[in-house]
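Protein chains get the first letters and strands the later ones, always in sequence-line order, with residue 1 at the start of each.
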Amino acid sequence: MSTDEPVSTTPTVPAKPALEGLEAKWGAVWEEQGTYRFDRDHTRAEIYSIDTPPPTVSGSLHVGHVFSYTHTDTIARFQRMRGKEVFYPMGWDDNGLPTERRVQNFYGVQCDPSLPYLDGFEPPFNGDVPTGKKKPQSVHISRRNFVELCDRLTAEDEIVFENLWRGLGLSVDWSMTYATIDERSQRVAQRAFLHNLQRGEAYQAEAPVLWDVDFKCAVAQAELDDREMPGAYHRIPFHRIAADGGVGDPIHIETTRPELLAACVALVAHPDDERYQPLFGTSVRTPLYGVEVEVRAHALADPEKGSGIAMICTFGDTTDVVWWREMQLPTRSIVGIDGRILRDTPDWILAAGPDAVTRYEELAGKTVKSAQGAVVEQLRATGELDGEPRPITHPVKFYEKGDRPLEIVTSRQWYLRNGGRDAELRDALLRRGTELAWHPPYMQARFTNWTEGLNGDWLVSRQRFFGVPFPVWYPVTADGEIDHDHPILADEARLPIDPSSDAPTGFDESQRGQPGGFAGDPDIMDTWATSSLTPQIATGWGEDPDLFAKTFPMDLRPQGHDIIRTWLFSTVLRSHLEHGSLPWTNTALSGWILDPDRKKMSKSQGNVVTPDHLLAEHGADAVRYWAANGRPGTDTAFDPGQMKVGRRLSIKLLNASKFALSLGDTGADTDRSFLLAADPSEITEPLDLAMITRLTALVDEATVAFEGYDYARALERTESFFWNFCDEYLELVKGRAYGAGGTVPATSAIASLRLALSVLLRLFAPFLPYVTEEVWSWWQPGSIHRSEWPSADKLRAVSIAGDPLVYEVASAVLGEVRKAKTEQKRSLRTEVARIVVHDTALRLDAFRAARADVTEAGRVNEVEVIAIDDHADATVVVTLVPPDADA
RNA sequence: GGGCGAUUAGCUCAGUCGGCUAGAGCACUGCCUUCACACGGCAGGGGUCGCUGGUUCGAGUCCAGUAUCGCCCACCA
């Protein structure tokens, strides 16, 4: 902004300033004037770019969002005032299961990727699907139609979200938004995947995966939840094979999953366990089925657990997978992708004889839960259940959004290398974690823990319908078999593509599924596979090279600490693989909002407070004030009381500003580019100089705090200074400013007040954008949010330095005068006949420098000062005029 | 089992390099119709800084141990 345009020196201060209506008023002005519009005509060094977390639009916003997005906004505003051109886009996360479910329920449709696209399709319902018994059959539609409906629905959600964000005063450039399912995001996700594939970082493998039987979908390590579940140890004998081939002595194992007996491939005990050492290498027979399995030794077997020997099934849990892989055991799966026991009797059971087959057939088609009951009955019948099942509670793996325990099934999936099976890559990622600046720093430990603990590559394919498809087809051989080993990759120029409705280059749609033709990959990518690319999406990677060069790597990733293992980690990974760099230089982790019972606020707990209500009741600045008090990384209690305090602060700013400006201008010709309405040569009085010295220290503190992403500290210091400024300084100079001591001292007071006001407003601007903009508009040109952040160096450069002790002693003596009046239950206007100040010589000198201000503010007639020793107690003896003389 | 964080007034929280009698706001008590603000102001009561040791002239702060709460992670038969 220009600094030499003429400035009106006559403030236009409303007679009765109020907070009501400021959001609407300034929201419109900011939009109209493009206050937060990003101007790319800057160098990379001049730009500060933020990788804003895209909120999930299918959910609803709650105070936790308001909390963390406010934190980011204070940083954005600070950087903007420091002269940075802030790149601050907003994304919407409409990818993934929550949106899929919402679209299904809202429109009464179901996605079926095998169906062709229907032009101009209209859904049967529009948010009015009957529920209960009247609930109609869903209409099945193609993936492309489904995605179109998603776009339609989320567009409405986005408007609601944007309005809330605008009301909160986020200084986002609303002309730059993206959605994680929009074409650009799909293109970026598919292009990045093709690059990963070409570099050998993505691969497909047939392997055991954690499988949710309800969603019929593979689940990645990062999406797991452990839940304490009731279970029971079943003590079951395996049978040694006697020399004559008959049944020998039993070996008891304890298992929580007896239904998997038919899937048993070995027994295992610890190599040092003397009880079982003689058995290693020998074979035993399983109960019920009599299948022969070997007894093996492995260090993971825990002699303390159960009977110290375990059965290995394919697959009961992830330990089974480790054993199976490391000891190269056979695969004997009996659980299908629907979570039921396979209907066809497996070969190894058929080979074990008619009894085995009969028993298996009793289980076939049952869910694992009911199969367990049936197996227990069979064991009882054969006398092979030793005692009764012993109930326990144990942690069981769940998909974080799922309702039934995960099963482990073998299937073909896409994986992305993430260091889980590759020490070199893992070390490189750990180094990236060290390069990144963490706020607060201790959060890096979570990244390190997670990265070091990875035990496999990232499973990125999902057997869902709604999401970014893999840009891949497979040839169909002459015999009609799909050849997964020779995928046909999409041309980058064609992206985004949907292999379920687009044909690969060189093929025709009629060849889909035909011998000699092609078949599309039916899966979609994990939502994190798209979300991990938000920096690339936002900065226009591969789409807008100029923008990308100016904004990537970005400066800041704000996010919750609970998704370090998912979002943060995967974003670092993708950037490392694609660009060989960090995606950003800083990350700021925000805490959670806890309800008064110290529980995390979440929809499922039913303890959510809606933000609209809060904004309406307390005002945006007040809500922001509460949020900004939450330090980085620290969980914060939801506290409407703090919002009331924020509101009080805003009102105080209005009134104190009104007062300071009502005293008039000094008429000085000032350098408005930084001091704004004060000529340093006019500031002459010791108390004024002392206040400005304190103010300079405040600017230093607030700036250092903000530079270290500690917005909460910057606010706390500024607020504390401001209240003291109102209670002490304003009261002390009031009389002088009105002219009690003559023109020169009055001018000094007025100039100091205006200088301090200008500085304080700007220090508050990142937190209280509305009220500071309002006050700024009374006497300053342009938006405060594009004004210059106060500079302590510039304040020092004009040599307006004073002795802070003057301020301190003057406040202390005035405090004693007030105390005397209060204790004697007299009005603060009561005149004081005489005060006697006992203090050290040094402090008395300081007092003398502000003596006139103190006597004026305290209505003191006569002052005596008495010097005392350094160790003696300082006192002020106050003698009020008699009560009858007061009238 | 491993890691990280927290524990300071009734409540929510500051307390930076170890340094005067441990601070703020809310709540509470009393007072003041004060010419910017009653959506205000002034003053006051309220704390063995989770516990136990140690280092130090001196510990809320540093070290060791311990308890409780929370979060993250773990191969949970």
Pairwise C1' distance for A14(B) and U52(B), with rounding to whole Å: 27 Å
Spacing between I593(A) atom CD1 and U12(B) atom P, to the nearest angstrom: 14 Å
Check: I408(A) and D320(A) side chains under 4.5 Å, non-hydrogen atoms: no
Spacing between L828(A) atom CG and A43(B) atom C1', to the nearest angstrom: 9 Å
d(OH, Y625(A); P, U12(B)) in whole Å: 16 Å
Ranges pairing with ranges for RNA chain B, where each run has three or more Watson-Crick or G-U pairs under 3.5 Å: B:1-7 with B:67-73, B:10-13 with B:23-26, B:28-32 with B:40-44, B:50-54 with B:62-66
Touch class at under 4.0 angstrom, heavy-atom based, for R235(A) against every strand present: nothing
F659(A) and Y738(A) aromatic ring geometry - parallel, tilted or perpendicular at 30°/60° bounds: perpendicular
Sugar-phosphate, base or nothing in reach of A660(A), heavy atoms under 4.0 Å: nothing
From A77(B), C75(B), A74(B), nucleotide with atom closest to T256(A) side chain: A77(B)
Short side-chain N/O contact to A74(B) OP1/OP2 from K397(A), under 4.0 Å: no
For atom CG of N655(A) and atom P of A38(B), their distance in whole Å: 7 Å
Earlier contact from the 5' end, RNA chain B, for W723(A) and W450(A): W723(A)
Sugar-phosphate only, base, or nothing, as touched by D320(A) at under 4.0 Å among non-hydrogen atoms: nothing
Separation of the P atoms in G54(B) and C11(B), to the nearest angstrom: 31 Å
Residue R717(A), side-chain atoms from C-beta onward, closest of A43(B), A77(B), A14(B): A14(B)
R826(A) (side chain) donor-acceptor with V881(A) (main chain) under 3.5 angstrom: yes
Rounded distance (Å) that lies between atom C1' of A36(B) and atom CD1 of I750(A): 15 Å
Between C1' of A36(B) and CZ of R754(A), the distance in whole Å: 15 Å
E259(A): which of H234(A), Q372(A), K369(A) passes side chain to side chain donor-acceptor pair (under 3.5 Å): Q372(A)
V817(A) to G858(A) - nearest heavy-atom pair and separation: CG1-O, 4.0 Å
Between G25(B) and C42(B) - P atom distance, rounded Å: 10 Å
Polar side-chain atom of S68(A) near backbone of S590(A) as donor-acceptor pair, under 3.5 Å: no
Q642(A): side chain to side chain donor-acceptor pair (under 3.5 Å) partners, not counting sequence neighbours: none
Pairing residues for E719(A) by the salt bridge (Lys or Arg N to Asp or Glu O under 4.0 Å) criterion, not counting sequence neighbours: none
Value in whole Å for how far the C1' atom of G25(B) lies from NZ of K644(A): 14 Å
C1' spacing across the pair G19(B) / C62(B), given as an integer number of angstrom: 14 Å
Touch class at under 4.0 angstrom, heavy-atom based, for R631(A) against every strand present: sugar-phosphate
U7(B) to C13(B) separation - P atoms, rounded to the nearest Å: 10 Å
Interatomic distance, E716(A) CD vs U12(B) C1' [rounded to whole Å]: 13 Å
Distance-minimising heavy-atom pair for D700(A) and A792(A): OD1-CB, 3.2 Å
Backbone of G433(A) reached by a side-chain donor or acceptor of W438(A) within 3.5 Å: yes
NZ or CZ of R332(A) within 45° of W324(A) ring axis and under 6.0 Å: no
V396(A) or R647(A), whichever maps to the more 5' nucleotide of RNA chain B: R647(A)
Touch class at under 4.0 angstrom, heavy-atom based, for C726(A) against every strand present: base
Distance-minimising heavy-atom pair for A702(A) and A714(A): O-CB, 3.8 Å
Sugar-phosphate only, base, or nothing, as touched by L730(A) at under 4.0 Å among non-hydrogen atoms: base
Interface residues of residues 731-738 of chain A with RNA chain B (non-hydrogen, below 4.0 angstrom): E731(A), K734(A), Y738(A)
Interatomic distance, L654(A) atom CG to L22(A) atom CG [nearest 0.5 angstrom]: 7.0 Å
Within the sub-3.5 Å range, which N or O atoms of nucleotides 26-31 of chain B have a protein N or O partner, and how far apart are they?
| unit_1 | atom_1 | unit_2 | atom_2 | d |
| --- | --- | --- | --- | --- |
| C26(B) | OP1 | R648(A) | NH2 | 3.1 |

Whole-Å P distance, A38(B) and C20(B): 39 Å
C1' atoms of A22(B) and U61(B), separation to the nearest Å: 11 Å
Give me the distances for all protein-to-nucleotides 3-7 of chain B N/O pairs that come in under 3.5 Å?
| unit_1 | atom_1 | unit_2 | atom_2 | d |
| --- | --- | --- | --- | --- |
| G3(B) | O2' | N449(A) | ND2 | 3.2 |

Straight-line distance of L768(A) CG to Y625(A) OH, nearest 0.5 Å: 9.0 Å
Any donor-acceptor N/O pair, R390(A) side chain to A232(A) backbone, under 3.5 Å: no
Distance between C1' atoms of A6(B) and G46(B) (Å, rounded): 24 Å
T634(A) (side chain) donor-acceptor with G630(A) (main chain) under 3.5 angstrom: no
Syn/anti state of C72(B) by chi, 90° boundary around 0: anti
